[in-house]
Amino acid sequence: MNGGVMLGPLILFAAAMCLTPGPNVVMVTASAATFGFRRAIPHILGVTFGFAVIVMAAGLGVASLLHAEPRLHALLKYAGAAYLLYLAWRIARADAASGDKARGRPINFVEATLFQWVNPKGWMTAIGALATYTTVGGDAIRETSLITSVLVAACFASAAFWGGFGAAIAQLLGDPCAHRIFNWSMASLLVLSLIPVFW
């Protein structure tokens with residue numbers, strides 16, 4: 001990969017894909033708004049680490065396996081959808097299930113990491129970047145590593161930004177009714193993010 005030629009477009013692609021709303025953005029925002037930024041840090045780090053693993057895996061051959069075995073792809077798609085619906089329910093019920101925040105808990109590092117394997121937007125971003133920015137006959141490990149580095153930096157920046165946004169608007173959510181409306185709105189956005197998966 002010629003970094004001088006491709007790095008600029010790759011950075012723009014990464015920013016567009018990672019900063020725009022998707023399942024991770026919605027979940028991190030809701031988590032930080034409910035539990036505070038500090039308690040959302042493991043979630044942010046799990047998203048970043050898990051995304052790094054799937055980009056590298058896709059670049060080193062897992063994407064070919066998914067194309068070759070449609071049933072495995074379908075399994076991941078439906079498992080991801082089921083887990084997203086569970087998380088949407090959990091977000092919607094966060095305040096009702098825990099009148100005080102100590103009784104609830106944010107998504108942890110392991111859960112956030114594992115979720116990336118069934119996150120449709122994550123796979124779409126990884127495969128899109130690898131298909132567009134790798135070269136025929138190029139050094140696969142070097143190119144995949146560069147793409148992974150750029151995407152992961154954008155992913156971390158996005159998760160941290162939206163986590164900060166969630167923590168900032170928490171000040172406005174002191175009223176239980178406002179917090180309930182926010183949680184249900186975030187849960188609805190998470191469910192809506194499933195539409196492109198099945199469209």
Side-chain angles (χ1 to χ4, degrees), residues 14-48 50-51 54 73-128 154-199:
M17 294 303 291
C18 293
L19 287 168
T20 52
N24 285 322
V25 163
V26 173
M27 291 189 298
V28 168
T29 303
S31 182
T34 301
F35 300 103
F37 186 82
R38 186 180 62 80
R39 291 187 69 191
I41 289 174
H43 187 171
I44 292 168
L45 295 177
V47 165
T48 305
F51 185 52
I54 69 163
H73 182 266
L75 176 65
L76 284 173
K77 181 168 74 171
Y78 288 110
Y83 190 59
L84 280 175
L85 290 173
Y86 163 72
L87 290 174
W89 176 82
R90 191 165 144 184
I91 288 169
R93 301 285 298 162
D95 58 331
S98 56
D100 62 330
K101 294 176 187 176
R103 286 172 54 197
R105 67 170 182 83
I107 293 169
N108 63 35
F109 178 86
V110 173
E111 289 172 322
T113 298
L114 293 176
F115 170 67
Q116 304 319 304
W117 284 93
V118 292
N119 177 5
K121 186 180 179 186
W123 279 104
M124 183 176 69
T125 301
I127 293 171
C155 175
F156 176 76
S158 173
F161 170 81
W162 287 104
F165 175 74
I169 64 170
Q171 306 291 336
L172 305 174
L173 302 176
D175 175 58
C177 182
H179 203 154
R180 192 173 299 111
I181 291 170
F182 173 79
N183 283 350
W184 277 96
S185 298
M186 291 292 100
S188 298
L189 286 174
L190 197 53
V191 172
L192 286 174
S193 75
L194 286 171
I195 292 174
V197 178
F198 295 101
W199 187 254

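Because only heavy atoms are used, hydrogens play no part in the values below, and waters and symmetry mates are left out as well, while side chains stay in.
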* Shortest non-hydrogen contact between Cys155 and Cys18, atoms and distance -> N-SG, 3.8 Å

* Tell me, do Phe115 and Asn24 make a side-chain contact under 4.5 Å, heavy atoms counted? -> yes

* Considering residues at least two apart in sequence or located in another chain, which fulfil the ring pair (Phe, Tyr, Trp, His ring centres under 6.0 Å) criterion with Phe161? -> none

* Asked: Are Val25 and Ser158 side-chain neighbours, meaning at least one heavy-atom pair lies under 4.5 Å?
  -> yes

* Structure fact -> Sequence neighbours excluded, the answer for side chain to side chain contact (heavy atoms under 4.5 Å, CB included) partners of Leu114 is Val110

* **Euclidean distance, Met124 CE relative to Asn119 CG, rounded to 0.5 Å** => 9.0 Å

* **Closest non-hydrogen atom pair, Gln116 against Gly46** => CG-O, 4.4 Å

* Least distance between heavy atoms, Ala160 atom then Phe37 atom -> O-CE1, 3.6 Å

* Asked: Are any non-hydrogen side-chain atoms of Ile107 and Ser31 less than 4.5 angstrom apart?
  -> no

* Does the side chain of Ile44 reach to within under 4.5 Å of the side chain of Trp162, using non-hydrogen atoms? -> no

* **Residues that Phe109 engages under ring pair (Phe, Tyr, Trp, His ring centres under 6.0 Å), provided they are two or more places apart** => Phe49

* To do: Please assess His43 against Glu111 for the test side-chain contact (heavy atoms from CB on, under 4.5 Å), listing each intermediate value before the final yes or no.
  => CA-CA 8 Å; His43 187 171; Glu111 289 172 322; over 6 Å; no

* **Trp123 side chain to Trp117 backbone, donor-acceptor under 3.5 Å** => yes

* Structure fact -> When rounded to the nearest 0.5 Å, the distance separating CG of Leu45 from OG1 of Thr113 is 8.5 Å

